[in-house]
S.K.: 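Below are the structure tokens for one structure; questions will follow.
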2 protein chains.
Amino acid sequence: MDERENVPQRPYAEVIDRLRSVDLRPTRQRLALARLLLEHGDRHITAEQLHGEAIDRGIRVSLATVYNTLHQFTSAGLLREVVVEAGRSYFDTNTSDHHHFYNETTGDLHDIPGSEVSVTSLPEPPDGSSVARVDVIVRLK
Amino acid sequence: MDERENVPQRPYAEVIDRLRSVDLRPTRQRLALARLLLEHGDRHITAEQLHGEAIDRGIRVSLATVYNTLHQFTSAGLLREVVVEAGRSYFDTNTSDHHHFYNETTGDLHDIPGSEVSVTSLPEPPDGSSVARVDVIVRLK
DNA sequence: AAAATAGTTTAGAACTGTTCTAAACTATTG
DNA sequence: CAATAGTTTAGAACAGTTCTAAACTATTTT
Ligand SMILES: [Mn+2]
Ligand SMILES: [Mn+2]
Ligand SMILES: [Zn+2]
Ligand SMILES: [Zn+2]
């Protein structure tokens, strides 16, 4: 077995390319945040949680940069923002069509695949507006 | 026509009884807020909007009281809270089972009667939790 | 390889919506 | 009419987020 086949020639090339493809320079901070967000499966995380996690791992990054990055990633379609309670935004690394269970006691947020919910017989949107997204939040207690 | 049949013997008796029935004293402030909220059809309003409206009508009431009142009314089931964006809570005078159109551009929030949406094939809630409510928000642009 | 440019990061101030505090006030009860 | 318990209030405090402008860095140009 050739050990080297697991050692990428260009480290983090995938994340770097992903950033370049949305016109964001792969800076040290963005790269580290992108790896925390995008290389660990589906996550629902707040800015402050992500900042804490970065600091815990020795990544020096300011909270302002975490906010900047989360918003840039969201605009670029790498993340989406989920609002389940006033005063706190969750950022979701799952950008596919899906919905959420939200446990109001624990604050846990879990995905429901889009295929497992159907919202039918919605009325027409008013006047000149069009549907941007349908969010279903199943609140648990 | 007897004019007096439109003049209640006990003014605002309905609102007063409603407050008493949920163990809230019918104070001047609560009564005024209850009338703004409950005698004007379905409304979706923030604390600051309601406070502004009260002040405009010459009702002297503090913002703290508006928040206290909105939360008390919500606990009592007279209102419900709708979260459509982080950092701002809407209070909804329609407590029946229904959903919402939310125009992200204008901030307008409109009801969709519960009968006009059906959410089917939801998966089981995780572990020992049970469904408190299902919120559908149709985001418009 | 330097220099120029444009994009990025940062600390800290500022801001927004909301909650807290504790003193003054008021509706209800005895 | 007191006594009591609930209510209101101004202002301070708080939490999450955004802003500012100066320092820094990735990329482009020469
Ligand atoms: Mn945002
Ligand atoms: Mn609340
Ligand atoms: Zn999700
Ligand atoms: Zn409503």
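We name chains A, B, ... by the order of the sequence lines, and we start the count at 1 in each one. Computed from a prediction, not measured in an experiment: that's the story for all the values here.
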S.K.: If only side-chain N and O atoms of B/H71 are considered, is one of them under 4.0 Å from the OP1 or OP2 phosphate oxygen of C/dT18?
M.R.: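 B/H71 to C/dT18 OP1/OP2: no side-chain N or O under 4.0 Å.
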
S.K.: If you assign B/A86 and B/Q29 each to the DNA chain D nucleotide with the nearest heavy atom, which residue ends up on the more 5' nucleotide?
M.R.: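 It is B/Q29 whose nearest nucleotide is closer to the 5' end.
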
S.K.: Let me know the distance between CG of A/D23 and P of D/dA26, rounded to the nearest Å.
M.R.: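 Rounding to the nearest Å, CG of A/D23 and P of D/dA26 are 17 Å apart.
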
S.K.: Which pairs count as side chain to side chain donor-acceptor pair (under 3.5 Å) when at least one residue sits in residues 130-141 of chain B, sequence neighbours excluded?
M.R.: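 Sorted pair list: A/D135-B/R139, A/R139-B/D135, B/E104-B/R139, B/R133-B/D135.
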
S.K.: State, to 0.1 Å, how close B/L31 and B/P26 come at their nearest heavy-atom pair, and which atoms those are.
M.R.: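 Looking at all heavy atoms of both residues, the shortest contact is CD1-CB, 4.4 Å.
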
S.K.: Under a 3.5 Å distance rule, please check whether B/D111 uses its side chain to pair with a backbone N or O of B/P113 as donor and acceptor.
M.R.: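 No; zero donor-acceptor contacts below 3.5 Å.
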
S.K.: Given atom CD1 of B/I59 and atom P of D/dT9, what is their separation to the nearest angstrom?
M.R.: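 So the CD1-P distance, B/I59 to D/dT9, works out to 11 Å.
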
S.K.: Find every protein N or O atom lying less than 3.5 Å from an N or O atom of nucleotides 24-27 of chain C, and list the pairs.
M.R.:
{"from": "C/dA27", "atom 1": "N3", "to": "B/R25", "atom 2": "NH1", "distance (Å)": "3.2"}

S.K.: Can you tell me the distance, in whole Å, between the CG atom of A/L19 and the P atom of C/dT9?
M.R.: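 Nearest whole value for this atom pair: 10 Å.
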
S.K.: Is there a side-chain contact between B/I16 and B/R20, using heavy atoms and a 4.5 Å cut-off?
M.R.: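 Side chain of B/I16 against side chain of B/R20, heavy atoms only: contact under 4.5 Å found.
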
S.K.: Under a 3.5 Å cut-off for both distances, is C/dA23 Watson-Crick or wobble paired, and to whom?
M.R.: D/dT8

S.K.: Just how far, in rounded Å, is P of D/dT9 from CG of B/N68?
M.R.: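 These atoms are roughly 10 Å apart.
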
S.K.: Round to a whole Å and report the spacing from CD of A/E81 to C1' of D/dT17.
M.R.: 11 Å

S.K.: May I ask you to evaluate whether A/Y67 reaches the phosphate of D/dT18, defined as a side-chain N or O under 4.0 Å from OP1 or OP2?
M.R.: no

S.K.: Of the candidate nucleotides D/dC19, C/dT8, C/dC20, which contains the atom at the shortest distance from the side chain of A/R30?
M.R.: C/dT8

S.K.: With nearest nucleotide decided by heavy atoms, which residue, B/R88 or A/V61, maps closer to the 5′ end of DNA chain C?
M.R.: A/V61

S.K.: So does B/S62 get a side-chain nitrogen or oxygen closer than 4.0 Å to the phosphate oxygens (OP1/OP2) of D/dT8?
M.R.: no

S.K.: May I have the distance from A/E48 (atom CD) to D/dT17 (atom P), rounded to whole angstrom?
M.R.: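 About 6 Å, once rounded to whole Å.
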
S.K.: When the nearest nucleotide of DNA chain C is assigned to A/L24 and to B/G87 on a heavy-atom basis, which residue is associated with the more 5' position?
M.R.: A/L24

S.K.: Please verify the inter-ring angle class for B/Y102 with B/Y90; under 30° counts as parallel, over 60° as perpendicular, anything in between as tilted.
M.R.: perpendicular

S.K.: For a side chain to side chain contact (heavy atoms under 4.5 Å, CB included) with A/H100, tell me which candidate from A/N94, A/V136, A/D92, A/V117 qualifies.
M.R.: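 Of A/N94, A/V136, A/D92, A/V117, side chain to side chain contact (heavy atoms under 4.5 Å, CB included) with A/H100 is met by A/D92 alone.
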
S.K.: Would you say the side chains of A/H44 and A/D108 form a donor-acceptor pair under 3.5 Å?
M.R.: no

S.K.: Using whole Å, what does the distance between atom C1' of nucleotide C/dT16 and atom NE2 of B/H51 come to?
M.R.: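 Result: 16 Å.
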
S.K.: Once you round it to whole Å, what is the distance between C1' of D/dT8 and CD1 of B/I55?
M.R.: 13 Å

